[in-house]
**Q** 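A single structure is presented below for examination.
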There are 2 protein chains.
Amino acid sequence: MNLKQLSEQLGLSQTTVSRALNGYPEVNAATRLRVEDAAKAFNYHPSTRAKGLATGRALAIGHVIPMSTKHEMVNPVFGDFIAGAGETYARNGYEMILSIVDDSNEDEIYRSLKLRRAVDGVIVHGPRIDDPRIALLSEIGMPFAVHGQVTHNSLPYTFLDVDNHDAFVQATDYLFDLGHQRIALVNGLETMDFAYRRRSGYETSLRAHGLAIDPVLMRSSEMTEVIGYETARDLLGINNAPTAFICASLISALGVRRAIEERGLVMGNDVSVVTHDDMLSYLQNGGETPIFTATRSSVRTAGRQLAESLLHAIEHPNNSPQETILKCEFVVGHSTGPAPRKDEHGL
Amino acid sequence: MNLKQLSEQLGLSQTTVSRALNGYPEVNAATRLRVEDAAKAFNYHPSTRAKGLATGRALAIGHVIPMSTKHEMVNPVFGDFIAGAGETYARNGYEMILSIVDDSNEDEIYRSLKLRRAVDGVIVHGPRIDDPRIALLSEIGMPFAVHGQVTHNSLPYTFLDVDNHDAFVQATDYLFDLGHQRIALVNGLETMDFAYRRRSGYETSLRAHGLAIDPVLMRSSEMTEVIGYETARDLLGINNAPTAFICASLISALGVRRAIEERGLVMGNDVSVVTHDDMLSYLQNGGETPIFTATRSSVRTAGRQLAESLLHAIEHPNNSPQETILKCEFVVGHSTGPAPRKDEHGL
DNA sequence: AATGGCTTCCAAAGCGCTTTGGGTATGGTT
DNA sequence: AACCATACCCAAAGCGCTTTGGAAGCCATT
């Protein structure tokens, strides 16, 4: 059933039916009702494509997922983020279109999305330091919103980020207050903006407390269980080993825990661990009482909100960009405790 | 730049340009080359919407992700599957559109996708036993492909599944051969088809070896770390506790390991664990040598292949459905060993 | 009775593409 | 010289919708 058929059924013009269905004022209330009923009865759904062609709007948002062929890593955060964003789109009649793209020709994808008029805007995932995408998108005039921020960038843009710096200051402070002096950082790849900010928070705290910034204790890599394990295993083996770890992800933290236990140590007792927790639905940080002491922020909520910001930006192109920064919640679990006293013996 | 402008630039008709670009034979080789060069030079990208309108094909595949509002769980497997499917779509000029949908009105979404002509076909995720979706999709004439299978279903359909039954027979056999007699099953929700099949494999093996099927040892729930932990913790506390666990997911297995270690036991020694491993990119089963003994099959590859089957089905609507069953690889890791001898003492 | 302003509706153009149904050279046959 | 394929190209219709620019009817004012 298309518009023409529906309007013939009703004995009205396509114009009137279209207007009735889209809430335009120049149609009698009674007529509108009649049209709406008929649309429902005949199960009429307008063709998105035709609508898009006619209006010039795609009613779709693009999510471009960069995936280096080197790492072949899908960000585990991605599923939950998408779920959140999807809720917003569903509520607003938008579609979500996904492009998995080799990060070598990301440019091409954005340009193509623009030129084919396939989407009304895009969400930028996984921003890196000095990310060229924001300049690109500004230049080609594609509305966008960034999940995260971009350090070294002067252009204004819409984004939503968690306060990574603050979260890691807090995490480090907390460990310091427990007496830890050797605190390791198991960070994500520091080409990623979020990881950069987290390290900066970590360093800020160390400096504020007069602790040395020891490059040996700072690791930056993919956030996988295995790498978390290997890093912790190595670090626990060195002289003057750390008594505490700060992890960028719950997944890394699981690996760190494995290394701790493998060594016969007790987490929260011999070695403390704080992690960031994205509150992924399939990887919760324990039940009522958390396992890991953590800085946490729901990535799902982030998806929902950032999608809203983007839709807003599309509707009101002249407004200045929305910038949202979410504070993390700090929760105390079983993974942290006072620094062991062996340091005192060492004196 | 649109077709009209491009054709004016070239001094050709839209027809010829369109044909040249789409590989129709009735255009001179030299002309075609000229057109292709110009298209590149002017960065011409045809509008997907217009193309879709004109051809009646959407050049898009829908993925509808059911998400019960109860569980609010995003299947962790999803990201990698999508990544695989995305590669196929990119290669074939298709777009992927995602709908996150409350599973209460899934019907509506499929119908709507069909009526709005938004997609050429859909991938069905997370099939349940006796899943009504395959009847629905057959009825409304929407091409589809299922990631998994549907028990209790007589209609033919295209699918790709791992051989879940066989994998769990093999896992159980392996443990039996190591001398384990009390083998627990930490399964996914058994409303899901894959979980149902896995249990059936597990039971088949037990029966074949004359072991009792003890409902106490069979648990079915969400596949999260926490639930894995809780289940194992409980089971290790009972009389005549299991000496081995079979897990439906690496994530559950991580929880099981935590429970084992918390009890001061050693995995692979006191208690054995076999798990299914979807080979998720961010959750690898160890490095070169696996941590867990596992039945494994890449969900990413599954995504790539199933997408191909679907595209094939769309191109050749009259062919009979493709049915693909992938055998799992069985890898031996550190998590399994001979059953402890305390049972002998018990005699 | 003529005018003007509302309200309610419509015909037709247009969005950017594909495709049908020819048309015009060109060259080879009778 | 007339004819016919063949190769190459084109004008225009159509996909299903929105939207422009009226038109018709009705009432209240002059």
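Each chain gets a letter, A, B and so on, in the order its sequence line appears, and its residues count up from 1.
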**Q** Hey, which of these two, A:Q14 or B:T16, hits DNA chain D nearer its 5' end, going by closest nucleotide?
**A**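 Its nucleotide being nearer the 5' end, the pick is B:T16.
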
**Q** Can you name the residues that form a side-chain hydrogen bond (donor to acceptor under 3.5 Å, both in side chains) with A:S99, not counting sequence neighbours?
**A**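 Here no residue qualifies.
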
**Q** Rounding to a whole Å, what distance do you find between B:L10:CG and D:dC10:P?
**A**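 It works out to 10 Å between those atoms.
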
**Q** Just call it for A:T15: base, sugar-phosphate, or nothing, with non-hydrogen atoms closer than 4.0 Å on any strand.
**A**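 Base contact.
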
**Q** So, using side-chain hydrogen bond (donor to acceptor under 3.5 Å, both in side chains) as the criterion, who are the partners of A:S7 when residues are at least two apart?
**A**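 Listed in chain order: nothing, the list is empty.
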
**Q** Going by side-chain contact (heavy atoms from CB on, under 4.5 Å), name the residues that satisfy it together with B:L21, two or more places apart in sequence or in a different chain.
**A**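 B:L21: side-chain contact (heavy atoms from CB on, under 4.5 Å) contacts with B:L6, B:V17, B:V35, B:E36, B:A39, B:Y44.
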
**Q** Excluding sequence neighbours, so at least two apart, what forms side-chain contact (heavy atoms from CB on, under 4.5 Å) with B:E139?
**A**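 B:R111.
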
**Q** How large an angle, rounded to 10°, do the end axes of the helix from C:dA1-D:dT30 to C:dT30-D:dA1 enclose when each is built from five base pairs?
**A**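 End axes: 80° apart.
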
**Q** Just to be sure I understand the rule, does A:R19 reach a base, reach only the sugar-phosphate, or reach nothing, if contact means heavy atoms closer than 4.0 Å?
**A**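 A:R19: base contact, heavy atoms under 4.0 Å.
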
**Q** Taking 5' to 3' order, which nucleotide of DNA chain C is first and which is last to have an atom within less than 4.0 Å of a heavy atom in chain B?
**A**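 Contact boundaries, 5' end first: C:dG16 to C:dG21.
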
**Q** Determine the contact category for A:T55: base if any of its heavy atoms lies under 4.0 Å from a base atom, sugar-phosphate if only primed atoms, P, OP1 or OP2 are that close, otherwise nothing.
**A**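 If one applies the 4.0 Å heavy-atom cut-off, A:T55 turns out to touch the sugar-phosphate alone, with no base involved.
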
**Q** Between the side chains of A:R57 and A:Y94, is a donor N or O closer than 3.5 angstrom to an acceptor N or O?
**A**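 Yes, because at least one side-chain N or O of A:R57 sits under 3.5 Å from a partner of the opposite role on A:Y94.
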
